[in-house]
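Notes follow the structure.
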2 protein chains.
Amino acid sequence: MTDGSRPASLRAATLADVAREAGVSPAAVSKVIRGAYGVSDGMRERVGAAIERLDYRPRTAARAMRGTTTTFGITVPQLGNEFLTTVVRGAVAALDGTGFDVILAPSEFASSMHAVESLLDRQVAGIVAIAPPSDPERLDRLARHVPLVQLGGHQYSERFDTVAGDDRAGARLVVDHLLGLGHRRIAHLTRAYAAEDEQRVDPHSLRLVTYAAAMRTAGAEPQVTQSEASEESAHAAALRLLDGADRPTAIFAANDTLALGVLRAVAERGLTAADVSVAGYDDIDIARHPLLDLTTVDQRGDEMGRTAATMLLERLDGRTEPRRFCTDPRLRVRGTTRPAPVG
Amino acid sequence: MTDGSRPASLRAATLADVAREAGVSPAAVSKVIRGAYGVSDGMRERVGAAIERLDYRPRTAARAMRGTTTTFGITVPQLGNEFLTTVVRGAVAALDGTGFDVILAPSEFASSMHAVESLLDRQVAGIVAIAPPSDPERLDRLARHVPLVQLGGHQYSERFDTVAGDDRAGARLVVDHLLGLGHRRIAHLTRAYAAEDEQRVDPHSLRLVTYAAAMRTAGAEPQVTQSEASEESAHAAALRLLDGADRPTAIFAANDTLALGVLRAVAERGLTAADVSVAGYDDIDIARHPLLDLTTVDQRGDEMGRTAATMLLERLDGRTEPRRFCTDPRLRVRGTTRPAPVG
DNA sequence: TTGTACGCGTTATCAA
DNA sequence: TTGATAACGCGTACAA
């Protein structure tokens, strides 16, 4: 009671301020705000008016201290990646109107595990971890404290849910498509971290393994080139492929960003789809642009995001058994893949 | 003292747990964590070991309650917008290694004011509001409680800082370029909310006003068409332009996303840059792709993001006078703008 | 150098 | 239907 009338205009109004203004108890205000059971109409009205007058807003941090939050967190490993933004948009859209917020934790410069933990420290009500790294045990431990969906990987767990595309099926769609067009020298451009290792369950490794197996089955020699995530880097790698001996007649890029780099290299060398076919993965918006017209695989990013959000809501609703969701990839055949040149 | 030995494995360890484990006081642990003054080496060591053993992590929410946070928040009005992700990446990069985090609040479905307030409720240490809406007074009030940078608008204030591109200069670069190529029927495609009103200070309105003025000065008639933010919508609007009477020989799109829709429409109608020139704004990555090769304006999104982050740090460091930063736009002339067709 | 005690704003429990 | 009270985890005066 040192200073009940301090200029409350500067200090943002708290729940206690509202209670004082309305002449009721803090507990009552809290109930009104949360729409809890057991408040008279008169109470609701008076409190509402006080909130209005004081321009009061509940402090999320204080709520978080009590354990409950209405915010989900999503980690974003690459901000510029259109596929990921599609996923995030799907999740945000699914949560619209449910009373749940979303915050994004970019993990471009930190490890994506760090991003997950940063979200956890903020007491989010649930986490969507997009393509997190190689520490499934840690993820498993964290999932004891929060509902967690791992998106984009195939590391199954008893504790968290999983959303992914069927990368094996998708990669096979592409390779079969190219083989069907008569291509034999099909190169695969993938991220540097991907490995042809049956243990690996990240999307790019799965695509790589599937590609290599399909090639060998067809009696063709796999030809793998690696690059970093950027279009730049893919462009450089593609130039190496095109300028090297035994130039491939088709290049399967592990995602659309890489494919754009390949297309750039192809164009710069004065080649067209009649010379070198190009296929990508993700079906980002720009892929269907008639000037690019990229053949690619649609793995329904928006559906992934929607599903992940729904899974978190289900967990909050009491579900305890893990769920696994896999989208069915669809090949989008466009102009960048053509029959193999004869000879 | 009801249950000092409860299975702490499930409940995440708190600062008090660490203190107990290390046999010291909570205050001591707090000091060690923050690297505060006045801790012996032995203390630091013991506490460090206990933190390690218990896998302790400070709760951001609890810290926030005390008023201090090391997190900046950025609102993102459109997740798919490449220019915005460039800005965000710039900010994140600038904060790398400073000990400050970033969280993103998507405002796609809510008003962007709502996103700002959601960040404020989380007690972030500073906010970058990207292109917030028409309520500068409210923004001004909020800026009394947190360091705030308004990015992308030109609403100056005594309370918050501003980062923007020089939209007038940029728009003039484009229009002068097109006029210089001999174009007279230059249409402008802009967002529906933009208005030719000297009072308006949002980027799209500024570009629109500048365009219209430059056209009239040149004795040409402005022709303005509107669309929503999406490439889809821009595509439809462009088709209307191309199919209408008195087809323009050049289209100036207010940003690159819209320009992509225009390019699609142009391609679909069997036209090329020789028939209809197209220019955009932002210089997103894909614009320089040889298959698109879009003439556009680079307004240095990464520099904007970096500057905004730096401004927040400066505010935290004690600066109180507002700063205004404006990037110098540069025209990137590429293949989509050509001399006006004769006749 | 270390520890004690309190307060931040909210919600849940329980009593009135 | 309402209100008093006790946490939640952390940082910080202040005392030891």
Side-chain angles (χ1 to χ4, degrees), chain A residues 1-4 6 8 10-47 50-51 54-71 120-125 145, chain B residues 1-3 6 8 10-47 50-51 54-71 120-123 125 145:
Chain A
M1 58 174 60
T2 50
D3 188 2
R6 127 184 14 161
L10 258 177
R11 204 171 98 315
T14 73
L15 185 143
D17 295 330
V18 175
R20 213 174 301 129
E21 172 84 9
V24 301
S25 80
V29 177
S30 175
K31 281 184 195 168
V32 170
I33 290 167
R34 290 170 299 142
Y37 187 79
V39 277
S40 67
D41 287 356
M43 167 75 77
R44 202 188 332 277
E45 206 165 307
R46 282 199 305 172
V47 171
I51 288 177
L54 265 45
D55 196 23
Y56 163 80
R57 295 179 53 83
R59 215 80 89 232
T60 307
R63 284 185 162 170
M65 282 261 324
R66 297 283 311 163
T68 52
T69 320
T70 55
T71 301
L120 198 59
D121 298 340
R122 296 194 158 73
Q123 311 287 99
V124 293
H145 301 112
Chain B
M1 59 172 58
T2 51
D3 188 1
R6 131 185 9 161
L10 258 177
R11 204 169 99 315
T14 74
L15 185 144
D17 294 330
V18 174
R20 212 174 302 130
E21 172 83 9
V24 301
S25 79
V29 177
S30 174
K31 282 186 195 166
V32 170
I33 290 168
R34 291 169 301 142
Y37 188 78
V39 277
S40 65
D41 286 356
M43 165 76 75
R44 204 190 329 279
E45 205 166 308
R46 282 199 305 173
V47 171
I51 287 179
L54 265 45
D55 195 23
Y56 165 79
R57 294 179 54 83
R59 217 81 87 233
T60 306
R63 284 184 163 171
M65 283 259 325
R66 297 285 309 159
T68 52
T69 319
T70 56
T71 301
L120 198 59
D121 299 340
R122 295 195 159 73
Q123 311 285 101
H145 302 110

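Just so we're on the same page: letters track the sequence lines, and every chain starts at 1. Please read these numbers as outputs of a predicted model, since none were measured by experiment.
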Separation of atom NE2 in A:H145 from atom P in D:dC8, rounded to whole Å: 16 Å
Rounded to the nearest 0.5 Å, what separation is found between the CG atom of A:L54 and the CG atom of A:L15? 11.0 Å
Counterpart residues, side chain to side chain donor-acceptor pair (under 3.5 Å), relative to A:R57 (two or more places apart): B:E117, B:D121
Which residues pass the side chain to side chain contact (heavy atoms under 4.5 Å, CB included) test with B:T70, sequence neighbours left out? B:F100
Side chain to side chain donor-acceptor pair (under 3.5 Å) with A:S30: which residues, sequence neighbours excluded? A:R34
Who are the side chain to side chain contact (heavy atoms under 4.5 Å, CB included) partners of A:I51, not counting sequence neighbours? A:V18, A:I33, A:V47, A:Y56
In whole Å, what is the span from the CZ atom of B:R20 to the P atom of D:dG9? 11 Å
Short N/O separations, protein against nucleotides 10-12 of chain C, under 3.5 angstrom:
{"residue": "C:dT10", "atom": "OP1", "partner": "A:Y56", "partner atom": "OH", "Å": "2.6"}
{"residue": "C:dT10", "atom": "OP1", "partner": "A:R59", "partner atom": "N", "Å": "3.1"}
{"residue": "C:dT10", "atom": "OP2", "partner": "A:L15", "partner atom": "N", "Å": "2.3"}
{"residue": "C:dT11", "atom": "OP1", "partner": "A:R63", "partner atom": "NE", "Å": "2.7"}
{"residue": "C:dT11", "atom": "OP1", "partner": "A:R63", "partner atom": "NH2", "Å": "3.3"}
{"residue": "C:dT11", "atom": "OP2", "partner": "A:S30", "partner atom": "OG", "Å": "2.9"}
{"residue": "C:dT11", "atom": "O4'", "partner": "A:R66", "partner atom": "NE", "Å": "3.2"}
{"residue": "C:dT11", "atom": "O2", "partner": "A:R66", "partner atom": "NE", "Å": "3.4"}
{"residue": "C:dT11", "atom": "O2", "partner": "A:R66", "partner atom": "NH2", "Å": "3.0"}
{"residue": "C:dA12", "atom": "OP2", "partner": "A:R34", "partner atom": "NH1", "Å": "2.4"}
{"residue": "C:dA12", "atom": "O4'", "partner": "A:R66", "partner atom": "NH2", "Å": "3.1"}

May I have the distance from A:R44 (atom CZ) to D:dT1 (atom P), rounded to whole angstrom? 10 Å
How sharply is the helix from C:dT1-D:dA16 to C:dA16-D:dT1 bent, taking the axes over five pairs at either end and rounding to 10 degrees? 40°
Looking at residues at least two apart in the chain, or sitting in another chain, which of them share a side chain to side chain donor-acceptor pair (under 3.5 Å) with B:T71? A:R122
Roughly how many Å is it from CG in A:L54 to C1' in C:dG9, rounded to a whole number? 15 Å
Residues passing the side chain to side chain contact (heavy atoms under 4.5 Å, CB included) test with B:R44, sequence neighbours excluded, are B:V32, B:V39, B:D41
Could you pull out all residues at least two apart from A:R59 that satisfy side chain to side chain contact (heavy atoms under 4.5 Å, CB included)? A:A12, A:T14, A:A62, B:Q123
Rounding to a whole Å, what distance do you find between B:M65:CE and D:dC8:C1'? 8 Å
